[in-house]
Amino acid sequence: MFDIKWIRDNPDAFDQAMSQRKNVSVRASDLIGIDERRRQIISRLNEAQEKRNVFSKQIGQAKAQKDDARAAELMAEVARLKEIIPAGEAEERDVEKELRDALSAIPNMAYDDVPVGDDEAGNVEYFGPNGSPETAAKARPPKPVFAFAPKEHFDIGVAEKDMDFETAAKLSGSRFVILKGQIARLERALGQFMLDLHTSEFGYLEVQPPVLVRDEAMFGTGQLPKFDGDFFFTAHGENRLALIPTAEVPLTNMVRESILAEEELPLRFAALTSCFRSEAGSAGRDTRGMLRQHQFNKVELVSITTPEQAISEHERMLAAAETVLQRLGLHYRVMTLCTGDMGFGARKTYDIEVWLPGQDTYREISSVSVCGDFQARRMEARYRPAGEKQAPRYVHTLNGSGTAVGRCLIAVLENYQQEDGSVLIPEALQPYMNGLTSIGGR
RNA sequence: GGAGAGAUGGCCGAGUGGUCGAAGGCGCACGCCUGGAAAGUGUGUAGGCGGGGAACCGUCUCGAGGGUUCGAAUCCCUCUCUCUCCGCCA
């Protein structure tokens, strides 16, 4: 969420940034108009309140001096103010809500170094902070070479048996899957491996958060109010709870409504959770296979930082997510999303796209975003700078997948498939598979 | 689900109608003390909003909303959340 004061001071920069976003038509002047009305109302109300307070104090003094005539006089004065004040308070509430509602629906502003573009065609490949195509190629696993035509994951022998869409459809409808046997185990191994990597090598604190959250939490990270239709909700008494679309929601909201000490930062949280997405708008895309499901597992990384730490933390988080694919020997590329393709709350996003030989294409497996103070402002999450007494400042928040487990399963299957329908197990995963080196063999 | 207790500043905790944005403690900052540190000691230390170049001034906020009152942290109502006991339960 934007700071109205910033918009007031930088209306042109705001309009410029919004023009680069997709489907956004808001203008700074609209918001400033509301704000001017708001400030007028507040000024008038404050004056009336001040008078009331002064008179009330004088009434107390008059009564103490037994000057009842004076007290009665003042009380009549206050009575008149009390006709004005409640109306002013109601007006203030309304205009505050009007402003907040308007600001809540506005997406974040891209950093200056984000490429400008309308859609994914405008994304730009990224090779690291000081990287080049050559250094990146060295750090990243190569594409696998096949002596046969590689299949899509659902057509691979082992998956035909243990990846069951038909039965899942009977239980839950389309876009659900049942994993069985060694595929189920492989999925579990991937989640464990990722979580262990991030906690032991990158300093993330393992967290097991709720997967049902209130609307306020969804608002805090920016899923609500704009994208209500994309999520599942369960009835809960008079209210509802959302099934998290990503653990970003509970992990980031862990610091909501708090003032942290600077020394505590950065905070780094990692969680392996199920995620639930209704994805109403995506009907028809990727209908085959388990690429796009209503329910999937994902390891999520969240960092809470000072404003100064945010940019380097973004690179660090990307590196943590990349390490997953490097250890698994999966070929991938990294894209910097352009302004038109970024999510609602992001100031800059890197997507990691893993190579899927069965599809002969790269597919998103991780998205790593830095959100600035956008979410912090919605959550009221601040920290107190160390040293001389200073006012609290909003923290900066980052989130990234590290990585999507279901999609990673697809990637392992497609990249390590053998002609006989079996699949080799990457070395890093073997300890999690009781030493198995392949599955689905005869 | 039943019964009871509670929600106050960064944290802990006092405060049952005015002088309370709020005692005391912890923490933190600055100073004194010290060769340096610890200990000790003194002072300071909530946030939002509005106005102002600033110092500062005003206003709101003691879980949330509403009410009583000239005046509410304090009284009344509703809601939310937390804790304890009982029941149920993975």
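The basis for the numbers below is simple: all heavy atoms, side chains too, and nothing from hydrogens, waters or symmetry mates. First the proteins, then the strands, lettered A, B, ... as listed; each starts at 1.
- For B:G21 and B:G87, the C1' atoms lie 44 Å apart once the distance is rounded to whole Å.
- For the pair A:Met75 CE and B:G18 P, the interatomic distance rounds to 16 Å; values are reported in whole Å.
- Searching all strands for a Watson-Crick or G-U wobble partner of B:A3 with both distances below 3.5 Å returns B:U84.
- Pairing for B:G71 is absent, judged as Watson-Crick or G-U wobble with the two contacts each under 3.5 Å.
- Across all strands shown, nothing is found opposite B:G36 as a Watson-Crick or G-U wobble partner with both distances under 3.5 Å.
- Using a cut-off of 4.0 Å between Lys/Arg side-chain N and Asp/Glu carboxylate O, A:Arg393 and A:Glu308 are scored as salt-bridged.
- Taking atom P on both nucleotides, B:U69 is separated from B:C76 by 16 Å, rounded to a whole Å.
- Remark: the separation of the C1' atoms in B:C57 and B:A72 is 25 Å, to the nearest Å.
- The nearest whole Å value for the distance from the CG atom in A:Leu99 to the P atom in B:C49 is 12 Å.
- Rounded to an integer number of Å, the gap from A:Arg8 CZ to B:G51 P is 6 Å.
- For the C1' atom pair drawn from B:G31 and B:C79, the interatomic distance equals 49 Å after rounding to whole Å.
- Rounded to the nearest Å, the gap between the P atom of B:G4 and that of B:A73 is 28 Å.
- Each of B:G47, B:G58, B:G51 was ranked by its minimum atom distance to the side chain of A:Arg382; first place goes to B:G47.
- Look at A:Arg44 and you won't find any side-chain N or O under 4.0 angstrom from OP1 or OP2 of B:G50.
- Taking the P atom of each, B:G71 and B:C86 are spaced 47 Å apart, rounded to whole Å.
- Both distances falling under 3.5 Å, in either a Watson-Crick or a G-U wobble arrangement, place B:G27 opposite B:U45.
- Nucleotide B:C20 has no partner under the Watson-Crick or G-U criteria, as no pair reaches both atom distances under 3.5 Å.
- A salt bridge links A:Asp286 with A:Arg363; the closest basic N to acidic carboxylate O contact falls under 4.0 Å.
- The pair A:Arg327-A:Glu201 counts as a salt bridge, with a side-chain nitrogen and a carboxylate oxygen less than 4.0 angstrom apart.
- Each of A:Lys51 and A:Phe55 was matched to the nucleotide of RNA chain B holding its nearest heavy atom; the match closer to the 5' end belongs to A:Lys51.
- The pair A:Asp9-A:Lys5 fails the salt-bridge criterion, with no side-chain N (NZ, NE, NH1 or NH2) lying under 4.0 Å from an Asp/Glu carboxylate O.
- Note on A:Lys5: only backbone sugar-phosphate atoms sit closer than 4.0 angstrom, heavy atoms only; bases stay farther off.
- Separating the CD atom of A:Glu91 from the P atom of B:C49 is a distance of 20 Å, rounded to the nearest angstrom.
- Comparing A:Glu89 and A:Pro392 by the nucleotide of RNA chain B whose heavy atom lies nearest to each, the residue mapping closer to the 5' end is A:Pro392.
- Within 4.0 Å (heavy atoms only), A:Arg393 reaches no atom of the nucleic acid at all.
- The pair A:Lys180-A:Asp162 does not meet the salt-bridge criterion, since no charged nitrogen lies less than 4.0 angstrom from a carboxylate oxygen.
- If you measure from atom CG of A:Asp35 to atom C1' of B:G51, you get 14 Å, rounded to the nearest angstrom.
- Using a 4.0 Å cut-off between charged side-chain N and carboxylate O, A:Arg384 and A:Glu262 make no salt bridge.
- Across all strands shown, A:Arg214 has heavy atoms under 4.0 Å from sugar-phosphate atoms exclusively, and none from any base.
- Taking atom CD on A:Gln49 and atom P on B:G58, their separation rounds to 13 Å, with Å as the unit.
- Rounded to whole Å, the P atom of B:A22 lies 13 Å from the corresponding atom of B:G58.
- Between A:Arg37 and A:Asp30, none of the side-chain N atoms (NZ, or NE/NH1/NH2) sits under 4.0 Å from a carboxylate O, so this pair counts as no salt bridge.
- Taking atom P in both B:G24 and B:C32, one finds a spacing of 25 Å when rounded to whole Å.
- Taking only side-chain nitrogens and oxygens, A:Asn53 never comes nearer than 4.0 Å to OP1 or OP2 of B:G58.
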